[in-house]
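Since this is a predicted model, take the numbers as computed values, not measurements.
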Amino acid sequence: MSAPIPAKSMGTGLSRVDGRLKVTGNATYSAEFNPPNVAYAFAVMSPISKGTISAIDSAAAEKAPGVLAVLTHLNAPKLAEPPNAQRSEGIRIEQREPLADNKISYGGQYIATVVADTIEQARHAASLLKISYAPETPALHKENAIKSKPKEHFDEELQKEKGDFASTFEKAGLVKIENTYSTPTETHNPMECSATVAHWEGPDRLTIYDATQYVKGAQAIVAHAFGLPRKNVRVICPFVGGAFGCKGPVWPHTILAAMAAKVVGRPVKLELTRQEMFSGTGHRTPTFQTIALAASKDGKLQAIRHRSETLTSPVGDWVEGCGIGSTNVLYEAPAIQFSHTIYVVNVAQPSFMRAPGECPGTYALECAMDELAYALKMDPLKLRIVNDSPNHPIKGIPWSAKYLRECYDLGAKKFGWSRRNHEPRSMKDGNLLVGWGVATATYPAHAMRANVHIQLNSDGTALVRCAAHDLGTGAYTALTQISADAIGLPFDKVKFELGNSDLPFGPVAGGSNTTGTVGSAIADAAQNLKKKLGDLVGANAKSSDSPGEILKRAGVNSIEADGKFESEENEKLGFQSFGAHFCEVKIDADLPLVRVTRWVSVMNCGRVINPKTGGSQILGGIVMGVGMALEEETVYDPVTGLPATRNLADYHVPVHADIHSIDVHFAGEPDYAFNPMGARGMGEIGITGAAAAVANAVYHATGKRIRDLPIAIDKLI
C-alpha cells in the first residue's frame, strides 16, 4: 500500500467541480446524446407473468408510418453467446437473453422492440402489435413458490453459525424476544430513467451511450454478447442522474438497443419509460426476517438468530443478504446464527438497491434490539453500548478503526437523548405524541480494483484519468481532491476524467468503493510520477520547486505515470464503517400520520474527503430511509403480476414537506490501515438503520410496534 497522503485539499468542503454544468443544463446525460440520423426504439412488455407467446401478428405495426423494424423472438438476431456463458467483469443479474424465445417468465418482460424515425411513431406502432399468449398459473408469493437455501452469494456465506444457538437460547434466566419483520418490494426511482444510445460505427465497432454505473462492465457484457473484442466496444457515460444500484448491471434494454441498431443500420436510442423502470431495471426484493435474541439481565447478548426469506425471479438467482449485512457484523454473542432462504416467483428480477442486505437487515435487527431493550426495561441506547465490541462478532479479529461509541456519545449529546422518558406514550408536544428512536448504522469498507493514468504538465496542471463514475455523489470532486494532494498541486490545477471505457480500468460505482479504490490507485500513480520527477531534478533544482517548475527546468512539456490498486484479503483486521441515528417523530393520536420532525446522525467513515458532498450522501441516505419506513412500497397486481404502483404519483417517496431538520456529524480518525487516504465509503451507510430509527420512534410515541413496512396510517389506527 502507498504511504498516507498528506491532507491539504482533502477534508475541505469544496463545491462540486461539475456543479455549474449541472445547474446550467450543460451536463450531457445518456439519453441526450444524438448521433446523426438516430432512430428510436420502444420496448414492448408482456402483460402476463408466466406462459408462452403463441402467435404474433406484426403486419400493421410494420406498415405504420416511420417504422424501420419490429423485432420479436421470431426474427431477432441471435447473440454470439448467452450473456452469462462465462464470467466477465460485467454484471448481468437477469441471465436470460432478450427476445431469445417465446417463454414468459415475469410480468413486464420485453417481448418485442419497435424501431422508427421518432419515438412517437415507435410507440404508436407498438400499440398495433397483435400478440396471443398461452398463460400459465404464476407463482407471485413465497407461499406458492419453489424455495432453496443457497450456500453463497457473491462469495459470501449465506448459512452460518458460531457456537450452539439452540442450547444457548434455551438457558434459564435469559431475557428473550423473537419476532418477524417484513419489508415490501421497493423500486429505485432515480430521476434519470435508464437509457441506451447504440451506434455501430463499423461492422465490428460499437459505441454506446449508456446510463450505467459501470462502463467497463457494460463494455465487457456487450462485447461478449455480440462476439466482439472488448476494445471494439466503447461505452460513454460522463454523468448519471441517480441510480441507487439499478444501473450497475447490464439490463435487457442495453442489449436490445445494440441489436436494433445492428438491424436498421442506424444509431438507435432506447429510453425506458418510468413504467418500464418498475420491471426492467431491478428492485429491492421483499424480505421476511425472523430474529430471536437472548440476553442476560445486564443486557449482554448471549444468542442471536437471524432467519431471512427473500424472493428472486426465474431468470436470476439474486439473494438479499440481510444477515450478512447486519447480524454478521454488529453485535458480539457466544452464539450467532444466520440463514437465508430464497423463493422463485414470476416477478421481474430483483437486484442491488442502496445497501443491499445491510439496509433491510439493519432494519430488522435494530427493531429487534429495541424490543429487547423494552423487555429488559433498559434504555435502547445503553443496550447498544453494552454490546459494542472492538472485534468482528464471528471472525474475532479487531476492527481497523471503530469509533461507534464516539458516534453514540456525540449523537446522544447533540440530540438531547438524556431527556428521553423511557415509557411509550409518555412524551407529548401539546396534543401530539412524541417519540424518540435510536438505531445503529453499519456498512462494509469495500475495495475493488482500479488503474489510473496521470499526465503532469509544465504549466503546473495535471490530468488524471480512470473509467470510474459519479452518480451525483460528488466523485468528480473527491477524486480531484485526492489527486491534488497526492501529486502536490492546488485543487484548481487538477482535472479528473471519468465515465468512458477508453480510460484505464475503473470499478463499478457500487458498494461505496469508488473513493477508496480509485483513490488508492491515484496514490500509486502519484508515487510513480514523483519518482519520474525525481529523475528530472538537476543540481540547480530548488527545494521549493513545484512539479511544474521541475518540468520547465528540465525542458520537458509533460510526463506521465500509471498506477494501480487491487484489494487483498486482510485476515488480521476487519474493515467496517459504523454510525448512529437519533430520530424524533410527532404523531396526532386521532389521525396517526407520522411526521419525522428532527434527526441527528453521527457517522464514522474514516477521513471525510469532502464534508459537503459526504454530508450530503449521509443526508440523502437518511431521506431514503424515511421513505422506506413510511412511504415506499411497490404493489403488484395479483392477477397479472405487473406493478400496480408504476409511476411517481402512486409510488410515494419523501418530498420537501416530509423532511425537517437533519443534522449530520462525523466522528473518528482516518483509517490508514485501509488506504492511503484513510477514507471509507459513505454512499450507503446513511440508509442503514434509518428505517429502524423511525420505527422505534413510532413505538415510543404510540406504544404500537409496527413490524411490517411501510408504517402507513391504517397500521396505527
Side-chain angles (χ1 to χ4, degrees), residues 11-16 354-355 359 362-363 366 370 379-381 384-385 403-421 427 429 432 434-443 473-474 512 577-587 594-630 653-669 679-698 700-701:
T12 306
L14 300 176
S15 296
R16 297 169 185 260
R354 198 176 199 166
C359 176
T362 53
Y363 159 68
E366 288 301 290
D370 200 69
D379 180 276
L381 178 59
R384 289 166 172 81
I385 292 172
Y403 293 89
L404 179 55
R405 179 60 186 270
E406 288 78 0
C407 294
Y408 288 144
D409 291 347
L410 180 59
K413 181 180 178 181
K414 295 282 186 183
F415 190 80
W417 187 260
S418 62
R419 302 193 302 273
R420 179 183 187 268
N421 296 331
M427 296 176 66
D429 177 8
L432 299 178
V434 177
W436 288 5
V438 65
T440 305
T442 191
Y443 193 78
T473 54
S512 301
S577 290
F578 296 92
H581 295 298
F582 295 83
C583 168
E584 176 185 85
V585 300
K586 293 185 178 180
I587 305 170
V594 179
R595 294 290 188 192
V596 176
T597 50
R598 193 163 58 91
W599 196 290
V600 173
S601 285
V602 184
M603 297 290 154
N604 164 231
C605 303
R607 180 189 297 285
V608 181
I609 301 296
N610 187 315
K612 181 184 288 188
T613 58
S616 180
Q617 278 302 286
I618 303 302
L619 190 152
I622 293 164
V623 171
M624 205 166 175
V626 171
M628 175 184 177
L630 302 178
V653 296
V655 297
H656 187 73
D658 296 322
I659 303 300
H660 295 260
S661 170
I662 298 178
D663 196 10
V664 175
H665 301 272
F666 296 99
E669 300 292 332
R680 300 192 297 267
M682 56 182 65
E684 290 164 277
I685 190 173
I687 195 175
T688 68
V694 176
N696 295 339
V698 168
H700 182 235

Residues which pass side-chain contact (heavy atoms from CB on, under 4.5 Å) with T442, listed by chain and number, not counting sequence neighbours: V329, L330, T362, Q576, F578
Sequence-distant partners of A693, side-chain contact (heavy atoms from CB on, under 4.5 Å), two or more places apart: A439, H581, C583, W599
Under 3.5 Å donor-acceptor, R354 side chain and I687 backbone: no
Under 3.5 Å donor-acceptor, R384 side chain and R405 backbone: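 Looks like no, no N/O pair under 3.5 Å.
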Return the [atom1] to [atom2] distance between [X] and [Y], rounded to the nearest 0.5 Å.
X    : Y    : atom1 : atom2 : answer
M427 : D429 : CE    : CG    : 9.5 Å
C407 : M603 : SG    : CE    : 7.5 Å
I685 : S577 : CD1   : OG    : 5.0 Å
D409 : L381 : CG    : CG    : 7.5 Å
N604 : L410 : CG    : CG    : 11.5 Å
H665 : I618 : NE2   : CD1   : 12.5 Å

Can you name the closest pair of heavy atoms from [X] and [Y] and give their distance?
X    : Y    : answer
A695 : Y363 : CB-CE1, 4.2 Å
V623 : P654 : O-CG, 3.4 Å
H700 : N421 : NE2-O, 2.6 Å
G683 : S512 : N-OG, 3.5 Å
G606 : R680 : N-NH2, 3.6 Å
T688 : A355 : CG2-CB, 3.8 Å

Determine all donor-acceptor pairs shorter than 3.5 Å in which one atom belongs to a side chain in residues 655-662; sequence neighbours excluded.
| unit_1 | atom_1 | unit_2 | atom_2 | d |
| --- | --- | --- | --- | --- |
| D658 | OD1 | R595 | NH1 | 3.4 |
| D658 | OD2 | V655 | N | 2.9 |

Donor-acceptor side-chain pairing of T473 and Q617 below 3.5 angstrom: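 Q617 and T473 do not have a side-chain donor-acceptor pair below 3.5 Å.
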Side chains of R16 and N610, donor plus acceptor under 3.5 Å: no
Residue pair I609, T12: steps toward the side-chain contact (heavy atoms from CB on, under 4.5 Å) verdict: CA-CA 7 Å; I609 301 296; T12 306; over 6 Å; no
Sequence neighbours excluded, every pair satisfying salt bridge (Lys or Arg N to Asp or Glu O under 4.0 Å) that has a member inside residues 596-612: E584-R598
Qualifying residues under side-chain hydrogen bond (donor to acceptor under 3.5 Å, both in side chains), relative to Y403, sequence neighbours excluded: none
Y408/T440 under side chain to side chain donor-acceptor pair (under 3.5 Å): CA gap, chis, key distance, verdict: CA-CA 9 Å; Y408 288 144; T440 305; 2.7 Å; yes
Trace of the side-chain contact (heavy atoms from CB on, under 4.5 Å) decision for V585 with I587: CA-CA 7 Å; V585 300; I587 305 170; 4.2 Å; yes
Side chain to side chain donor-acceptor pair (under 3.5 Å) partners of residues 410-419, not counting sequence neighbours, each pair once: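 Qualifying pairs, neighbours excluded: D379-W417.
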